[in-house]
Student: 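Would you mind keeping the following structure in view while I ask a few things?
Convention: sequence-line order gives letters A, B, ...; per-chain numbering from 1. Any value given below was found using the heavy atoms of this structure, including those in side chains, with hydrogens, waters and symmetry copies removed.
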Amino acid sequence: MPNSNNPIITLLTDFGTQDYFVGAMKGVILSINPRARIVDITHEIPPQDIEAAAFNLLSVYKDFPAGTIHLGVVDPGVGSDRLAILIECATQFFVGPDNGLFSWICQREEKYSARQLTNKEFLREESSTTFHGRDVFAPVAAHVSSGRAPEEFGPVVQDIVSLKQLEPDINGDHIEGRIIHIDRYGNCITNLSPRHFGNQLGAGASLTVNRRNVVGFREFFSQAKPETDEGLFMILGSAGFVEIAAKNASAASILNARRGERVALALTSESKAAG
Amino acid sequence: MPNSNNPIITLLTDFGTQDYFVGAMKGVILSINPRARIVDITHEIPPQDIEAAAFNLLSVYKDFPAGTIHLGVVDPGVGSDRLAILIECATQFFVGPDNGLFSWICQREEKYSARQLTNKEFLREESSTTFHGRDVFAPVAAHVSSGRAPEEFGPVVQDIVSLKQLEPDINGDHIEGRIIHIDRYGNCITNLSPRHFGNQLGAGASLTVNRRNVVGFREFFSQAKPETDEGLFMILGSAGFVEIAAKNASAASILNARRGERVALALTSESKAAG
Amino acid sequence: MPNSNNPIITLLTDFGTQDYFVGAMKGVILSINPRARIVDITHEIPPQDIEAAAFNLLSVYKDFPAGTIHLGVVDPGVGSDRLAILIECATQFFVGPDNGLFSWICQREEKYSARQLTNKEFLREESSTTFHGRDVFAPVAAHVSSGRAPEEFGPVVQDIVSLKQLEPDINGDHIEGRIIHIDRYGNCITNLSPRHFGNQLGAGASLTVNRRNVVGFREFFSQAKPETDEGLFMILGSAGFVEIAAKNASAASILNARRGERVALALTSESKAAG
C-alpha cells in the first residue's frame with residue numbers, strides 16, 4: 001500500500017522540460033490527490049529511448065521506500081494498441097506503457113503482477129490520443145496513491161513485453177556483455193557485475209570493446225592509477241555494474257562506442273585454470 | 001481561495017536551471033509560507049519569449065485545481081515602468097509582469113480581475129531592479145497562498161496588456177492561422193482548433209505553410225498513415241490545437257517554419273458548398 | 001534546529017538531470033525522512049566546477065529560512081581522502097565534500113562550526129566509492145533534517161578547505177577584482193560590490209577587462225542607456241555584485257572573457273582626490 005500520509009510518485013519521461021508536458025502531469029496528479037509527493041527522476045531520456053528509461057529506473061527504484069509509485073512514460077506507441085499497465089513488484093508500483101520499460105526490474109525481482117488499465121473511471125475525462133502521460137498514466141498513478149487497489153484498474157496481464165535480457169551472454173569460459181548505458185560524462189556502463197569477474201575484479205581481468213583492451217581497475221575516479229594507455233579504466237559504478245571510464249575524458253568518445261556495443265570479458269589463465 | 005492545507009504555486013520562467021535564480025524564488029516562497037507546494041512548469045522558455053510562455057501556461061492551467069497560483073516570469077521589461085500584476089481568473093491566480101503573458105488565458109475565460117502590485121508590505125525588503133521574480137512576484141505569490149486577499153496588494157488594473165489575439169483570421173471562406181509554438185520534437189502547433197475544420201478534421205482539409213501543402217491527418221503519432229510526401233501530417237495535439245508533425249523528423253525543419261509562420265486552411269469544395 | 005514539520009533540504013550538484021543520480025538522492029532522503037521537503041537549486045553546475053557551485057550557493061542561501069539544510073555535491077575527489085563534512089553556519093546547515101564549496105559562505109558569515117562525517121550509523125549501508133551524494137551526503141542531510149545533532153556525526157574539523165578568497169585585491173588606490181561567474185545570458189558577475197565604487201556606482205567609474213573599458217551604468221536591464229560603444233554596461237546584479245552585461249548580447253562573448261578574468265576598477269580623479 002502507498003504511504004497514505006506521504007505517497008510518493010516519481011516521474012521518468014522523455015518529455016524534456018521546455019514544454020508544458022511535465023507540468024500538466026503534475027497538475028493532474030495534484031488535482032486527484034493533493035497529498036501526493038512528486039519526485040522527478042528525469043525527463044531527459046532521449047526521445048523514445050525505452051532502454052535508457054529502463055536502465056535509469058532499474059538503477060534507482062530500490063532507493064525509494066515501499067509503496068512508491070513510479071510513473072514511466074517513454075511511449076513511442078502512444079495511441080496504438082500497445083497496452084497501458086500497472087505493475088506491482090518489490091512492494092512498489094509501476095505505471096506506464098507495456099513496451100519493456102519495466103521489464104528489467106521484473107526480471108531481477110522475479111515476482112510481479114500486472115494489470116491492464118481499462119477502467120475508464122480512472123482516466124481523464126477528455127482523453128487525447130497523443131498524451132497518455134497526462135490522460136492515462138498520471139491519473140492512474142494518482143488514484144493508486146489514494147489507495148485504490150490494483151484489481152480495480154483492469155484485467156490481469158500475464159506476460160509483459162520484455163526488452164533484450166539484461167544479463168550478459170555466457171558460453172563456458174566466454175562472457176560477452178554489452179554497454180547498456182552511457183552517462184553524461186561519457187562513462188560506459190556495461191551489464192557486467194562483480195560476480196562475472198570471479199576474484200579478478202581488482203586485477204587480472206580485461207575488457208575488449210571495438211578492438212581496444214581496457215585493463216586497469218580503479219576503486220574511485222580520482223585514484224592515481226591503474227589505467228590503460230588511453231587513460232581508460234574500469235570502475236564499479238553506483239548502479240552495481242562495471243563501467244568503463246577515462247581520465248578527464250569521455251570513455252565513449254575514446255572507444256567510439258554506443259549503447260549496445262559488445263564488451264568481451266577476458267580473465268587471466270590462472271583464473272581460467274581455477275574456474 | 002487557495003487550498004490552505006496544500007496551496008500550489010507553479011513556476012514558469014525563462015531563467016533556465018543552471019543558475020541560482022529558481023532556487024532563490026523557492027527559498028523566498030518557503031520562507032513566507034512553509035506550506036506552499038511548488039511545482040515547476042518549465043524554466044526553459046527561450047529568453048524573453050513572452051509568447052512561448054503564454055502558450056505553455058495556456059496549455060496547462062486547466063489541469064491544476066482551483067486556488068492554484070501561477071507565477072510567470074518572462075520579463076524583458078524588469079525595472080522599467082511596466083506594471084507588476086496579480087490576476088484572478090477561472091478560480092485561479094496569476095502573478096507576473098503585465099506584458100501579455102496571461103492575456104490568452106484571460107481572453108479565453110472572458111472574465112478576470114487584475115490588481116497592480118504596489119503594496120510594499122508584500123515585497124522583499126531589499127528589492128533589486130533586476131530580479132522581480134525573487135523580490136516582487138515570489139513574495140506576492142507566497143502571500144496569496146497564505147490567504148491574503150487580492151485587494152490588499154494594490155489598485156485595480158482595468159486593461160491588461162494583450163498579445164496578438166490567439167484566434168485565427170477568418171474572412172468568409174478564408175481561414176488563416178499561424179504557428180503559435182514549436183515543441184522540442186519540432187511539432188508545429190497552430191492556432192487552429194477542430195471547430196475551424198467543420199466536418200473535415202479527419203479528411204479533406206489541407207494546410208499550406210511556406211508554399212507546402214500538408215494533407216494527411218493522423219489520430220495518433222505512430223499511426224501508419226496518411227501523410228504528405230515529405231512525411232508531414234496533421235494531428236490533434238494535447239493542447240487542443242491542430243499540430244503539423246512529421247514521421248520521425250522535425251516538421252519545423254522540413255517546413256523551414258518558425259513561430260508566427262502563416263498557416264492557410266483549405267477545405268474541399270464539398271465542404272465549402274455545405275458551408 | 002531544522003523545522004520539524006517542514007524541514008527543507010536543498011540540492012546543488014553537477015550531476016545534470018539526464019541520469020538517475022538526483023532521483024537516487026531524493027529516494028534516499030525520503031526513505032529516511034518522509035517529511036523532508038526537497039528543493040532543487042541546480043544540477044547544472046559545470047562538471048567538477050567547485051567555484052561555480054560556491055557562487056550559486058553563496059547567492060541563494062540567505063533566501064531560505066533558518067534550519068534549512070543545503071546539500072552541495074560537486075566532488076571531483078570522491079572516494080579519495082578528502083573529508084566529508086557537515087557545517088553549521090548562519091542558522092543553516094551545509095553538507096558535502098570539504099573542497100571549498102562552502103568556504104565563501106563561511107568567510108562572509110565569519111562564524112561556523114564543522115564536523116567530519118565519520119559515524120557509519122548515518123551512512124548508507126552499502127556505500128559506493130563513486131557516489132557519495134547518494135551514500136554519504138543524502139543520508140546525513142536526511143538525518144540532520146530529522147533532528148540529529150551535529151556532534152553525533154563525527155569529530156570537529158578546525159579548518160575547512162578554502163577557495164581563493166572572494167574579495168578583490170586592494171592596493172591603495174588600485175582595486176583589482178575578477179569575474180567570479182558567467183550566467184546563462186553571458187552576464188559577467190564580478191566580485192566588486194557597491195562599496196568598492198565609493199560614490200561613483202552610477203557615474204564616473206570604469207572597468208577594464210581584456211583591454212576593453214566598460215563605462216556605462218544602468219539601473220535595470222531595459223534602461224535605454226548609458227552604455228559603452230559595444231553595448232556593454234555595468235549593472236548591480238541580484239546577487240549583490242556589479243555585473244557587466246550587454247544590450248541583447250552576451251557580454252562574455254564581446255569581452256572574450258572567462259571566469260577568473262581580471263577586472264580593474266578605475267574611479268575618476270575627483271573621486272581619487274576625495275578618497
Student: Rounded to the nearest 0.5 Å, how far does CD of B/Gln18 lie from CG of C/Asp183?
Tutor: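 C/Asp183 CG to B/Gln18 CD: 8.0 Å, rounded to 0.5 Å.
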Student: Is there a side-chain contact between C/Thr10 and B/Lys26 in this structure, where contact means two heavy atoms from C-beta onward sitting under 4.5 Å apart?
Tutor: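 Not in contact.
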Student: Enter the distance from C/Thr68:OG1 to B/Leu30:CG here, rounded to the nearest 0.5 Å.
Tutor: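 One gets 8.0 Å once the value is rounded to the nearest 0.5 Å.
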Student: Below 4.5 Å, heavy atoms only, C-beta onward: do B/Asp19 and C/His181 meet side chain to side chain?
Tutor: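 Yes, at least one pair of side-chain atoms sits under 4.5 Å.
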Student: How many angstroms lie between atom CG of C/Leu236 and atom OG of B/Ser128, to the nearest 0.5 angstrom?
Tutor: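 Reported value, rounded in 0.5 Å steps: 8.0 Å.
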Student: Where does B/Val22 contact chain C at under 4.5 Å (heavy atoms): side chain, backbone, both or neither?
Tutor: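 For B/Val22, neither part sits under 4.5 Å from chain C.
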Student: Residue by residue, scan residues 70-81 of chain B and write down, ordered by number, those that have a heavy-atom distance under 4.5 Å to chain C; if none do, write 'none'.
Tutor: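 Interface residues of residues 70-81 of chain B: B/Pro76, B/Gly77, B/Val78, B/Gly79, B/Ser80.
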Student: Side chain, backbone, both or neither: which part of B/Phe21 has a heavy atom under 4.5 Å from chain C?
Tutor: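 Contact with chain C involves the side chain of B/Phe21 alone.
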Student: What part of C/Arg37 lies closer than 4.5 angstrom to a heavy atom of chain B: side chain, backbone, both or neither?
Tutor: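 The answer is the side chain of C/Arg37.
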Student: Which residues, numbered in order, of residues 184-193 of chain C come under 4.5 angstrom of chain B by heavy-atom distance?
Tutor: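 So the qualifying residues are C/Arg184, C/Tyr185.
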Student: Can you tell me how far apart OG1 (B/Thr129) and CD (C/Glu219) are? Round to the nearest 0.5 Å.
Tutor: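 It is 7.0 Å, given to the nearest 0.5 Å.
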Student: Where do C/Ser238 and B/Thr130 come nearest, in terms of heavy atoms and distance?
Tutor: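 Result for this residue pair: N-OG1, 3.7 Å.
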Student: Among residues at least two apart in sequence or on other chains, which ones pass salt bridge (Lys or Arg N to Asp or Glu O under 4.0 Å) with B/Asp98?
Tutor: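 Counting only residues at least two positions away or on another chain, B/Asp98 forms no salt bridge (Lys or Arg N to Asp or Glu O under 4.0 Å).
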Student: In chain order, what residues pass the side-chain contact (heavy atoms from CB on, under 4.5 Å) check against C/Ala239, with sequence neighbours excluded?
Tutor: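 Expected list: B/Tyr20, C/Phe55, C/Ser59, C/Phe241.
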Student: What pair of heavy atoms forms the shortest contact from C/Val60 to B/Gly23, and how long is it?
Tutor: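 Nearest pair, atom of C/Val60 first, then B/Gly23: CG2-C, 3.6 Å.
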